[in-house]
Protein chains: 2
Amino acid sequence: MQKAAIERNNETLAAQLTPVGRETVQDRVYSELRRALIGGLFEPSQVLTIRGLADALVTSTMPVREALGRLITEKALEALPNRSVRVPPITLERIDDLLRARSLIEGEAIALAATRMNPRQIASVEAMLGEWDEMRALKHKKDIDREATLNQSFHFEIYRCCGSAVLIPMIESLWLQSGPCIRVAIYAFSDAGEVDTAHYHRSIVAALARQDAQAARKALVADISRPFAFLRDKLQSASKEGLRA
Amino acid sequence: MQKAAIERNNETLAAQLTPVGRETVQDRVYSELRRALIGGLFEPSQVLTIRGLADALVTSTMPVREALGRLITEKALEALPNRSVRVPPITLERIDDLLRARSLIEGEAIALAATRMNPRQIASVEAMLGEWDEMRALKHKKDIDREATLNQSFHFEIYRCCGSAVLIPMIESLWLQSGPCIRVAIYAFSDAGEVDTAHYHRSIVAALARQDAQAARKALVADISRPFAFLRDKLQSASKEGLRA
DNA sequence: GGTTTTGATTTGTGATCACACTTGCTTTGA
DNA sequence: TCAAAGCAAGTGTGATCACAAATCAAAACC
């Protein structure tokens, strides 16, 4: 009965070894596709094939088809009547629709978070703000991927504080759906000249710091509206071009 | 070159034959599981196995596992660390969380619908109200399944008018998540004596008829709050019981 | 020459198998 | 007597195969 000794031994082992995790291949495929979608690696209307992705990800078709199915149910991808799957095309209605839904739900999440964040959590997002300036000062823009990742962390760090296990997955789904749209807007942005994204984030943090839920909601809506509005204008003028041609 | 003749022939055929559809087995499994979930055929915390469901549905495991994966991503089911899957258990926090999300999103949807419904659509949901009374008068209650189905049709008939392709799938996901909870509340309801659900629906329709978005939202929130509040009380007293025992 | 038909290739779907992990029970050993 | 080891049934995951539907290109046809 050396129970205590064994227990102690296990503890030292646990301290030395790093957990190897139990992620399935399907989970990795799913995460990777999510990352690609939010990061805008796929273009709107692009068709994806199971075997093509399986080859690219160096797995068999099985994990890929299940991951695709999951992405289709959360509307991150679209199943065509041909049974092929593509990333949803951009339309004016869809842009307005996504913006409205995001304003509603992310606005609610941040309003909740504003009343629940403790000083520790506020300091954490404030620190991200600083990290941001740093990156922005170092290399003046063009590191779009890094900036997008940081932006995502910033938002979800806040949303996590809303304490709702129901709202957060919905927000993730919305980001997944708007990812491809946003990305084309961002690229157009960086060509059209820099914009002051930092300003919006600063006013969000300020509102959170003084627990002003309505101000936080307002600042957030302004923040997420910007790329959508830009994309909207771009699409409208493009459709006018098309009409003229 | 009898193109026109062939075309005409095809048209007459199309008029005589009813479309057989192209639904896959996986789609049918998914729909069936959705129906079961919303209808409350599965109990909260119940564990589901792939092979068990495949046997019950008389298919192979393949369509079932893909359908389960989809239901897990929309939080209608829950993946345990053991890799087994169960319908999510009911907790107080989850009840409040679901009610808040549903009030927010379905409230927004009905507010949008209120400004967009045409007389034809309003007449349609009004007719459902009548159908309801009819059923209710014929066999006084106890036909819970029929009533739940009618309730679902009533709500989604309205939501469809909001014109948002983004909000509606989210609402479906929320119904899927709250299905098992609601069902235990409904059963408890029908034991605890009848309640006037018709009253709420009537005031919803009245608000819609006069295009009063805020009144519609308020009436809807009152409607969906009722079973949640009931369940909440039931759970609280039960936990007190458990504490005492 | 333009349209239809045919055939080859690609793709999604469902079934089945192999393997690893979990779980519950029995057996073993102190 | 009771905890630990061992065993057996059950379960999820990934790979592979068979098949039907879709796609595309060349060939045949009027």
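So you know, we letter chains A, B, ... as the sequences are listed, proteins then strands, and number each from 1. Fair warning: this is a prediction, and the values are worked out from it, not measured in the lab. Below, each value reflects all heavy atoms present in this structure, side chains not excepted, and no hydrogens, waters or symmetry copies.
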| Does a sphere of radius 6.0 Å around CD in A:Gln46 hold more than 12 heavy atoms from other residues, nucleotides or ligands, not counting ones at 6.0 Å or beyond? | yes
| query | Base, sugar-phosphate, or nothing: which does A:Leu48 touch, judged by heavy atoms less than 4.0 Å apart? | reply | sugar-phosphate
Tabulate protein N/O versus nucleotide N/O from nucleotides 5-9 of chain C, keeping only pairs under 3.5 Å, one per line.
none

| message | Rounded to whole Å, please give me the gap between OH in B:Tyr30 and C1' in C:dT13. | response | 18 Å
| Between A:Arg70 and A:Asp27, is there a salt bridge with N-O shorter than 4.0 Å? | yes
| message | For B:Trp175, does the six-membered ring have the charged nitrogen or CZ of B:Arg34 within the cation-pi criterion, i.e. under 6.0 angstrom from the centroid and within 45° of the normal? | response | no
| said: Going by side-chain contact (heavy atoms from CB on, under 4.5 Å), name the residues that satisfy it together with A:Arg83, two or more places apart in sequence or in a different chain. | reply: B:Arg22, B:Thr24
| Quick one: what's the B/S/- string for nucleotides 13-21 of chain D, heavy-atom cutoff under 4.0 Å, read 5' to 3'? | BBBB----S
| query | Rounded to the nearest Å, what distance is computed from the CG atom of residue B:Leu80 to the P atom of nucleotide C:dT23? | reply | 10 Å
| Should B:Arg94 and B:Glu78 count as an ion pair when the cut-off is N to O under 4.0 Å? | no
| task | Dump the intermediate steps for salt bridge (charged side-chain N to carboxylate O under 4.0 Å, His left out) on A:Glu131 and A:Arg146, then the final yes or no. | result | CA-CA 12 Å; A:Glu131 189 182 346; A:Arg146 173 99 185 80; 3.3 Å; yes
| request: Answer yes or no: does atom CD of B:Gln152 have more than 12 heavy-atom neighbours from other residues, nucleotides or ligands under 6.0 Å? | output: yes
| Quick one: is C:dT23 close enough that its OP1 or OP2 comes under 4.0 Å of any side-chain N or O from B:Asn82? | yes
| task | Specify whether A:His155 and A:Tyr159 have parallel, tilted or perpendicular ring planes, treating 30° as the upper limit for parallel and 60° as the lower limit for perpendicular. | result | tilted
